[in-house]
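Input: a single structure, listed below in structure tokens.
As a basis for the values below, the full set of heavy atoms in this structure was taken, side chains included, without hydrogen atoms, waters or symmetry mates.
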Amino acid sequence: MRLDKLLAHSGLGTRKEVKKLLKTKIVEVNGKVEVNPKTHVDPDTDSVTVGGEELDYQEFVYFMMNKPQGVISATEDLMHETVLDLMEMQDSLQEPHPVGRLDIDTEGLLLLTNDGKLTHRLLSPKHHVDKTYYAEIDGIVTEEGKEAFKQGVTLDDDYQTLPAELSIIEVNEEENTSTVELTIQEGKFHQVKRMMQAVGKEVVYLKRLSMGPLSLDEDLELGTYRELTEDELELLKKA
């Protein structure tokens with residue numbers, strides 16, 4: 001890849017900023033000063049140092065975020081704050097993207113990466129990756145509702161969903177509310193909300209708890225994120 005791209009993706013600034021950095025003659029490639037931003041280097045075989053320090057380059061980045069409400073799962077938007085706006089500049093330089101989407105009013109686990117192959121595997125319908133949500137419902141969810149979800153429900157556009165696992169956590173008959181956990185293997189637009197509407201219920205709060213083997217780190221406050229651990233990444237790649 002181009003040297004300026006390598007430096008930028010390593011957290012040393014924007015393309016414009018690293019071009020200025022190269023002019024200071026503190027960047028060396030295989031022991032020789034390099035000032036040309038267009039020079040091509042191989043991060044796996046070439047030695048690149050900045051001010052005498054070896055460059056620590058990662059081709060792919062993987063982050064877990066606890067997405068808050070009011071933020072959209074996109075890389076850019078003219079009207080709303082995006083999940084990338086919540087990230088530090090050095091973490092967004094390698095252009096991570098959300099794996100799937102959470103609605104603007106949905107909280108919880110969101111994976112961000114620039115690994116396109118992993119994204120495809122996790123989102124591909126043929127791989128049937130489980131996604132589990134916690135939901136607060138306006139209405140009483142019954143055993144009949146559980147059975148309906150187990151069979152798959154018909155959405156408002158006549159789409160028949162795959163079978164889903166619905167667990168009733170609590171029912172409050174006085175307030176006519178329920179709390180549930182729902183596991184689905186698809187990611188249709190507003191799917192959880194539309195599935196509940198299909199059985200005459202309304203979702204008033206929604207939080208994603210897990211995606212495949214990756215569970216939300218409960219120590220992550222809303223709007224914060226961290227890198228995946230090696231164990232978490234290995235589990236995801238096996239999912």
### Closest non-hydrogen atom pair, Ala74 against Pro98
N-CG, 3.8 Å
### Query
With Thr183, which residues qualify under side-chain hydrogen bond (donor to acceptor under 3.5 Å, both in side chains), at least two apart?
Thr132
### Query
Within 45° of the six-membered ring axis of Tyr133 and under 6.0 Å from that ring's centre, is NZ or CZ of Lys207 located there?
no
### Task
Give a yes or no on whether Leu123 and Ile184 share a hydrophobic cluster (residues Ile, Leu, Val, Met, Phe, Trp, Tyr; joining criterion: side-chain heavy atoms under 4.5 Å apart).
no
### Query
Can any side-chain N or O of Glu17 pair as donor or acceptor with the backbone N or O of Thr14 at less than 3.5 Å?
yes
### Query
Does some side-chain heavy atom of Val83 sit less than 4.5 Å from a side-chain heavy atom of Lys67?
yes
### Query
If you group Ile, Leu, Val, Met, Phe, Trp and Tyr by side-chain heavy-atom gaps below 4.5 Å, do Val171 and Val204 land in one group?
no
#### Entry: same_hphob_cluster(Leu166, Tyr134) at 4.5 Å side-chain heavy-atom cutoff
no
### Message
Quick one: does any side-chain atom of Asp103 pair with a main-chain N or O of Thr106 as donor and acceptor, under 3.5 Å?
### Response
no
### Task
Tell me, with the steps shown, if Met64 and Asp217 meet side-chain contact (heavy atoms from CB on, under 4.5 Å).
CA-CA 8 Å; Met64 174 195 299; Asp217 183 345; 3.7 Å; yes
### Task
Output yes when a side-chain donor or acceptor of His9 lies under 3.5 Å from a complementary backbone atom of Gln94, and no otherwise.
no
### Task
Return yes when atom CD of Gln160 has more than 12 non-hydrogen atoms of other residues, nucleotides or ligands closer than 6.0 Å, and no otherwise.
yes
## Note on the structure
Residues passing the side-chain contact (heavy atoms from CB on, under 4.5 Å) test with Glu143, sequence neighbours excluded, are Lys146, Ile168
### Task
Taking all heavy atoms of Ser178 and all of Ile140, pick out the closest pair and write down the distance.
OG-CA, 3.3 Å
### Query
Quick one: side-chain contact (heavy atoms from CB on, under 4.5 Å) partners of Lys38, sequence neighbours excluded?
Arg2, Asn36
### Task
Check whether any side-chain heavy atom of Leu21 lies under 4.5 Å from a side-chain heavy atom of Leu12, and answer yes or no.
yes
### Gap separating the NE2 atom of His80 from the CD1 atom of Ile72, nearest 0.5 angstrom
6.5 Å
### Message
If I take atom CG from residue Leu109 and atom CG from residue Leu216, how far apart are they, to the nearest 0.5 angstrom?
### Response
5.5 Å
### Task
Any chance you could measure Ile137, atom CD1, to Leu206, atom CG, to the nearest 0.5 Å?
8.0 Å
### Query
Side chain of Asp130, backbone of Gln185: donor and acceptor closer than 3.5 Å?
no
### Query
Sequence neighbours excluded, which residues qualify as side-chain hydrogen bond (donor to acceptor under 3.5 Å, both in side chains) partners of Gln58?
none
### Message
Using side-chain heavy atoms (C-beta onward) and a distance below 4.5 Å, is Lys193 in contact with Asp105?
### Response
yes
### Query
What residue pairs, at least two apart or across chains, pass salt bridge (Lys or Arg N to Asp or Glu O under 4.0 Å) with a residue in residues 83-100?
none
### Task
Apply salt bridge (charged side-chain N to carboxylate O under 4.0 Å, His left out) to Arg194 and Asp157, showing your working.
CA-CA 10 Å; Arg194 292 165 66 202; Asp157 59 358; 3.1 Å; yes
### Query
Only one of Asn114, Thr113, Asp115, Thr229 forms a side-chain hydrogen bond (donor to acceptor under 3.5 Å, both in side chains) with Tyr62, so which one is it?
Asp115
### Query
In Å and rounded to the nearest 0.5 Å, what is the NZ to CG distance from Lys19 to Asp4?
5.5 Å
### Task
Identify whether Met196 and Leu209 are in the same connected component of the hydrophobic contact network (ILVMFWY, side-chain heavy atoms under 4.5 Å).
no
### Summary
To the nearest 0.5 Å, atom CG of Asp138 lies from atom NZ of Lys201 at 9.5 Å
#### Entry: side-chain contact (heavy atoms from CB on, under 4.5 Å) between Leu220 and Met65, intermediate numbers included
CA-CA 8 Å; Leu220 275 181; Met65 177 179 287; over 6 Å; no
### Validation row: Leu6, Leu55 side chains within 4.5 angstrom (heavy atoms)
yes
### Query
Counting only heavy atoms not in Glu230, do more than 12 sit closer than 6.0 Å to its CD atom?
no
### Query
Are Val18 and Val50 co-members of a hydrophobic cluster defined by side-chain heavy atoms under 4.5 Å apart?
yes
### Query
Heavy atoms, side chains only, cut-off 4.5 Å: are Met87 and Leu112 in contact?
yes
### Task
Check whether any side-chain heavy atom of Glu221 lies under 4.5 Å from a side-chain heavy atom of Asn66, and answer yes or no.
no
### Task
Calculate, to the nearest 0.5 Å, the distance between atoms CG and CG belonging to Leu102 and Leu110 respectively.
5.0 Å
### Summary
Closest heavy-atom pair, Thr154 versus Ala198, reported as atoms and distance to 0.1 Å, is O-CB, 3.5 Å
### Query
Does Val27 reach the side chain of Thr49, with side-chain heavy atoms less than 4.5 Å apart?
no
### Task
Report the C-alpha separation of Thr161 and Met195 in whole Å, then their side-chain angles, then the decisive distance to 0.1 Å, and conclude whether the side-chain contact (heavy atoms from CB on, under 4.5 Å) test is met.
CA-CA 8 Å; Thr161 70; Met195 290 179 75; 3.8 Å; yes
### Query
Do Val203 and Glu136 come within less than 4.5 Å of each other through their side chains, counting heavy atoms only?
no
### Message
Working note: Glu54 + Val48, criterion side-chain contact (heavy atoms from CB on, under 4.5 Å); need CA distance, chi angles, decisive distance, verdict.
### Response
CA-CA 6 Å; Glu54 190 79 25; Val48 180; 5.6 Å; no
### Message
For residues 176-231, which residue pairs pass the ring-ring contact (aromatic ring centres under 6.0 Å, His included) check, not counting sequence neighbours?
### Response
Phe63-Tyr225
### Query
Do Gln191 and Glu186 have side-chain atoms, one donor and one acceptor, less than 3.5 Å apart?
yes
